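Here the structure is laid out as C-alpha cells; the discussion comes afterwards.
As the structure is a computational prediction, the values presented were derived from the model and not from experiment. One is the number of the first residue; the rest follow in order along the sequence.
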Amino acid sequence: MIVVADSGSSKTDWIISGNPTGLIEFSTKGINPYFSNEKEITRSIIQKPEIKKYAEDISEVYFFGEGCANPDRHEMVSNALTTVFKNAFIDVENDAIGSAYATCGNDKGFTCVLGSGSNIAFFDGTAVQYGNQGLGFILGNEGSGAWFGKELVTSFLYGTMPAGLRKAFKEEYQVSKESIIENVYQRPMPNIYLSSFAPFMDQHRSDPFIEELLNCGLDKFIVTHLLPYHDHRKYPCHFVGTIAWHFQDALQALCKKHHIIVGKILARPIGELMEYIQRSGGIQA
C-alpha cells in the first residue's frame with residue numbers, strides 16, 4: 001500500500017492506495033516543521049483512525065509539505081513518519097515539488113502555491129529550481145492567506161478599513177486589539193491564525209476595498225516572485241491552493257495583464273499527485 005500526503009500549515013490531505021476497496025482519502029491538521037516538533041508531528045499523524053488501521057501495511061510514503069526544503073526540518077518530518085510507518089520507504093519533499101508533479105507532470109513550467117502560505121518554483125521536467133521566496137509569513141508570503149489576513153487585521157486595527165466592513169469584520173470574528181496581539185505574538189501558529197481571516201474577502205468580494213486588496217496581494221506575488229524569471233512568458237504557470245482557487249478570476253486577469261500563460265489551477269493537488277506517483281512508479285531519483 002502507498003501513502004501520498006500534501007501538507008500546508010493548516011491542513012494535510014492524505015490518500016492511501018492499494019486497498020482492495022479503493023482509494024482512502026482523509027485529512028489531518030497541517031504539518032509545518034517550523035511550528036511543530038517531531039513528537040507533535042508524530043502524535044498528530046498516529047491518532048488518525050485510517051493511519052492506525054493501515055500503518056503496518058504501508059510500504060511507501062510520499063510526503064510533500066510546507067517547510068520541508070530545509071534539511072533539518074526535512075529530517076524532523078522524515079523521522080516522525082518513520083516512527084508511524086515502521087515498514088515503509090519514506091520520501092519527504094517540499095510542497096512546491098508536489099505542486100510541480102501535480103500540475104506540470106513531466107513538462108516544464110512554473111508552479112505556484114497560493115494557500116495559507118505562498119511559494120513558487122520552476123520545474124524543468126525533472127527537478128525543481130527555487131527562486132528567492134521562502135521568507136515566511138512575516139517577511140514574505142505575498143498573496144497568501146496569511147498575507148491577506150495580516151493586511152485585513154492591520155487595516156482593522158489602524159481604522160483604515162471602511163466603517164461598514166470594519167463592523168462586519170468585528171461581528172464575524174469577535175476580535176479586539178488585545179485578542180489579535182495575543183494570537184499573533186503569544187500563541188503558536190500565528191500564520192494559521194492570520195490566514196483564518198482570508199475567507200472574509202470571499203464573503204465581501206463586491207466591496208471595492210476588498211477588491212483592491214485582493215488585486216494588490218496577487219499582483220505583488222506575481223511581480224515579486226514570477227516576473228524576475230527571465231523566461232516567465234515562455235512556459236505555463238500553474239497554481240495550487242485555496243487562494244488561487246477561490247480568486248482565480250482575479251488571478252487570471254492579472255496574469256493576462258503581465259502576459260503570463262496560465263496552466264492548471266487546483267484547490268487541492270492531492271488527486272493529481274497520487275496519479276503522478278502511480279504513473280511514474282514512485283519518485284524517480
Side-chain angles (χ1 to χ4, degrees), residues 1-20 22-106 111 113 115-117 119 121 123 126-130 134 189 240-241 268-285:
M1 299 175 75
I2 297 175
V3 170
V4 174
D6 174 69
S7 184
S9 292
S10 58
K11 186 177 73 165
T12 304
D13 292 321
W14 302 77
I15 294 183
I16 300 177
S17 72
N19 188 58
L23 296 176
I24 301 168
E25 300 187 47
F26 56 95
S27 298
T28 61
K29 73 175 187 177
I31 296 170
N32 187 324
Y34 280 93
F35 298 103
S36 301
N37 60 41
E38 186 178 317
K39 288 184 178 179
E40 290 170 338
I41 295 171
T42 302
R43 190 162 52 245
S44 71
I45 298 172
I46 206 167
Q47 291 174 347
K48 193 68 178 176
E50 292 89 343
I51 292 178
K52 276 186 178 180
K53 184 176 180 179
Y54 297 106
E56 292 187 0
D57 301 319
I58 301 299
S59 59
E60 300 173 44
V61 176
Y62 300 96
F63 183 93
F64 303 88
E66 188 175 347
C68 292
N70 177 281
D72 292 335
R73 309 295 173 172
H74 173 283
E75 183 179 5
M76 183 190 300
V77 175
S78 182
N79 289 343
L81 291 169
T82 300
T83 301
V84 177
F85 303 102
K86 300 181 185 299
N87 304 317
F89 161 79
I90 307 292
D91 186 89
V92 177
E93 302 288 356
N94 198 37
D95 59 340
I97 296 178
S99 172
Y101 291 150
T103 55
C104 299
N106 295 314
T111 180
V113 177
S116 55
N119 206 343
F123 187 62
T126 303
V128 165
Q129 301 171 7
Y130 293 101
M189 306 291 281
V240 303
R268 300 165 62 241
I270 188 68
E272 285 78 1
L273 193 46
M274 172 58 84
E275 290 177 7
Y276 177 86
I277 299 294
Q278 291 176 323
R279 218 169 41 238
S280 61
I283 303 301
Q284 304 302 310

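With sequence neighbours excluded, the residues that form a side-chain contact (heavy atoms from CB on, under 4.5 Å) with D95 are E66, V113, N119. By the side-chain contact (heavy atoms from CB on, under 4.5 Å) test, A80 is found to be paired with E38, I41, T42, residues two or more places apart in sequence or in another chain being considered. For T103, there are no side-chain hydrogen bond (donor to acceptor under 3.5 Å, both in side chains) partners, not counting sequence neighbours. S59 is linked by a side-chain contact (heavy atoms from CB on, under 4.5 Å) to nothing, counting only residues two or more places apart in sequence or in another chain. For the side-chain contact (heavy atoms from CB on, under 4.5 Å) test, residues two or more places apart in sequence or in another chain that qualify with K11 are D13, S27, R268. Qualifying side-chain hydrogen bond (donor to acceptor under 3.5 Å, both in side chains) partners for N32, counting only residues two or more places apart in sequence or in other chains: S9.
Within the model, atoms OG1 of T28 and CD1 of I45 stand 6.5 Å from one another, a figure rounded to the nearest 0.5 Å. Atoms OG and CE, on S36 and M189 in that order, are 5.5 Å from each other to the nearest 0.5 Å. With values rounded to the nearest 0.5 angstrom, E60 atom CD is found 9.0 Å from I277 atom CD1. Distance check, rounded to the nearest 0.5 Å: CD1 of I16 to NZ of K53 gives 10.0 Å. One distance of note links CD1 of I15 with CG of L273; it measures 8.0 Å at 0.5 Å rounding.
A donor-acceptor pair under 3.5 Å is formed between the side chain of E40 and the backbone N or O of N37.
The aromatic rings of Y101 and F123 sit perpendicular to each other, their planes meeting at more than 60°, with 30° as the lower class boundary.
Shortest non-hydrogen contact noted between P33 and R73 is O-NH1, 3.1 Å. Minimum interatomic distance between A100 and V128 (heavy atoms only, all atoms of both residues): CB-CG2, 4.0 Å. Closest non-hydrogen pair, T12 versus G30, comes out as OG1-CA, 3.6 Å. Residues G65 and N94 come closest through the heavy atom pair O-OD1, 3.1 Å. When all heavy atoms of I31 and S7 are compared, the pair lying nearest together is N-OG, 3.0 Å.
When side chains are defined from C-beta on, E75 counts as touching N79, because their heavy atoms get closer than 4.5 Å. Residues I90 and F63 form no side-chain contact, since every pair of their non-hydrogen atoms from C-beta on lies 4.5 Å or further apart. The shortest side-chain heavy-atom distance between W14 and I24 does not fall under the 4.5 Å cut-off.
Of the listed residues (I58, I51, V3), just one forms a side chain to side chain contact (heavy atoms under 4.5 Å, CB included) with V84, and that residue is I51.
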Side chain to side chain contact (heavy atoms under 4.5 Å, CB included), that's the test. Do F89 and Y62 meet it? Break it down for me. CA-CA 9 Å; F89 161 79; Y62 300 96; 3.9 Å; yes
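Residue-environment remark: NZ (K48) exceeds the threshold of 12 foreign heavy atoms within 6.0 Å.
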